[in-house]
Number of protein chains: 2
Amino acid sequence: MATQPDTRTEARTPLSRERVLQAAIGLADEGGVDAISMRKVGQELGVEAMSLYNHVANKEDLLTGMVDAIVEEIPPFTPGLDWKTALRGRALAARDVFKRHEWAPRVIETRTDMTPPMLAYMDSVVGIFIQGGFSMDLTHHAMHVLGSRAFGFTQELFKETDEFDENDEMAMLLMQQMLEPYPNILAMAMSADHEHERMLGPGCDDDLEFVFGLDLILDGLERLRDRETEGADAAG
Amino acid sequence: MATQPDTRTEARTPLSRERVLQAAIGLADEGGVDAISMRKVGQELGVEAMSLYNHVANKEDLLTGMVDAIVEEIPPFTPGLDWKTALRGRALAARDVFKRHEWAPRVIETRTDMTPPMLAYMDSVVGIFIQGGFSMDLTHHAMHVLGSRAFGFTQELFKETDEFDENDEMAMLLMQQMLEPYPNILAMAMSADHEHERMLGPGCDDDLEFVFGLDLILDGLERLRDRETEGADAAG
DNA sequence: ACCTGAACACCGTTCAAGT
DNA sequence: ACCTGAACACCGTTCAAGT
């Protein structure tokens with residue numbers, strides 16, 4: 001309304017890559033990955049979409065910048081622990097961060113190039129294996145088996161598959177009927193340990209499954225490492 | 001051009017859900033997931049985009065139908081084998097199918113609901129564990145650790161991260177320089193077993209890494225199963 | 001140097017209208 | 001019953017023009 005420049009309006013602070021990234025992250029945290037478009041991010045900042053191109057090459061660059069910012073939230077590696085607890089700590093610290101940004105895993109999987117923050121994090125994980133007496137070859141395999149687990153997440157298939165309430169008899173019956181052609185899944189679903197978890201729905205404890213899998217893999221790797229050094233002892 | 005209906009033109013066959021799905025799959029096989037839009041699928045069929053809505057509820061439904069069709073390509077389960085080779089066979093058969101449709105994993109991960117073909121496949125895998133003497137609880141955990149591996153794929157982080165040619169000295173030097181701040185990754189990359197694989201690039205054998213991880217997990221699960229029954233023997 | 005209006009080439013989807 | 005034209009509300013991105 002005022003023809004004079006208003007020096008004390010809220011939207012005073014100038015744009016910057018940092019501000020663009022943070023606005024986009026905020027949007028994604030609230031509304032998921034679909035909530036982020038150049039136009040909406042611009043709007044969030046009180047600016048036209050085209051202005052963003054002064055601080056970000058394009059949408060891909062924006063997305064990459066967003067995940068970089070997330071990865072940099074992971075606390076730095078503190079050495080001195082044995083390899084297994086170090087690795088567990090690393091994965092769980094990363095997991096903690098990704099939990100605050102549920103859109104991030106999906107976006108990471110669409111990145112094609114490694115970025116410095118990603119490389120830095122990976123380097124710390126690789127270092128733990130090497131320090132722990134793993135051969136280069138086994139370390140390499142280890143990174144592959146861990147996959148995204150090294151970053152503290154696993155992409156669940158059919159995350160929200162069914163949110164049935166185990167106290168709702170009607171819903172239980174409906175589920176039983178739906179699963180009738182799949183007797184093995186049905187058996188598994190019905191016998192779920194009601195103290196700790198269930199097969200389907202929000203009662204299935206993601207954290208528990210994560211560490212179960214992580215520990216299974218770490219134990220397996222440890223066994224391979226020991227067998228490897230045994231072999232070397234025998235041969236050398 | 002002709003005002004008379006031309007009964008012998010190529011595009012004679014009427015639309016059907018099946019035809020729409022197959023056209024979309026063909027497009028995706030060639031150009032990836034971005035190549036599929038309602039308009040392009042329509043064009044592929046010599047039809048306007050809006051016509052598709054007579055056979056498909058919307059784009060989500062189209063995508064779901066596409067992955068269902070893929071999953072149905074997986075050969076049926078043949079019983080009679082021991083659990084471990086049965087499971088390995090299942091995963092590798094599925095993997096074979098998904099390799100012909102590289103877009104499918106990414107699309108599967110965006111599905112929210114289980115579909116009958118998915119449930120049927122999963123049921124066969126769950127059945128293998130149960131048949132193999134795993135408790136329901138351990139079977140449940142097993143399905144979680146396996147994750148997408150049960151379907152024969154793992155979403156690689158940064159798939160096309162770097163296609164360096166190990167015979168190109170210039171490229172090697174550039175890579176070394178780029179990885180200089182990440183000594184552990186560099187060490188791993190340089191020491192890669194040149195006979196079978198490398199850390200980065202197309203030389204890294206996906207199949208080999210897949211079965212390495214699969215076997216590691218299956219061995220770990222077997223150990224847990226045996227420990228579980230031991231405990232039961234001791235307690236009972 | 002940074003922001004914008006107008007424009008372009010795309011999307012998914014709806015609906016009334018055609019055959 | 002099935003297909004379509006026109007339209008709507010969105011996209012990412014460019015570029016010349018404004019300050």
- Now, which nucleotide makes the Watson-Crick or G-U wobble pair with C:dT19, with each of the two distances under 3.5 Å? D:dA1

- Complement of C:dA7, any strand, by Watson-Crick or G-U distances under 3.5 angstrom: D:dT13

- Work out which heavy atom in A:L62 is nearest to a heavy atom in A:A24; give both atom names and the distance. CD1-CB, 3.9 Å

Spacing between [X] atom [atom1] and [N] atom [atom2], to the nearest angstrom:
| X | N | atom1 | atom2 | result |
| --- | --- | --- | --- | --- |
| A:R39 | D:dC10 | CZ | P | 10 Å |
| A:L52 | C:dC2 | CG | C1' | 12 Å |
| B:N54 | D:dC3 | CG | P | 6 Å |

- Query: Among A:L27, A:V56, A:V47, which residue meets the side-chain contact (heavy atoms from CB on, under 4.5 Å) test with A:V41?
  - Reply: A:L27

Are [X] and [N] close enough that a side-chain N or O sits under 4.0 Å from OP1 or OP2?
| X | N | result |
| --- | --- | --- |
| A:H55 | C:dC3 | yes |
| A:K40 | D:dC11 | yes |
| B:S37 | C:dC11 | yes |
| B:S51 | D:dC2 | no |

- B:F210 six-ring face occupied by B:R95 cation (under 6.0 Å, within 45°): yes

- Message: Side chain of B:Y53, heavy atoms from C-beta onward: which of C:dT4, D:dT13, C:dT14 has the nearest atom to it?
- Response: C:dT14

- Between A:E48 and A:R39, is the closest basic N to carboxylate O distance under 4.0 Å? no

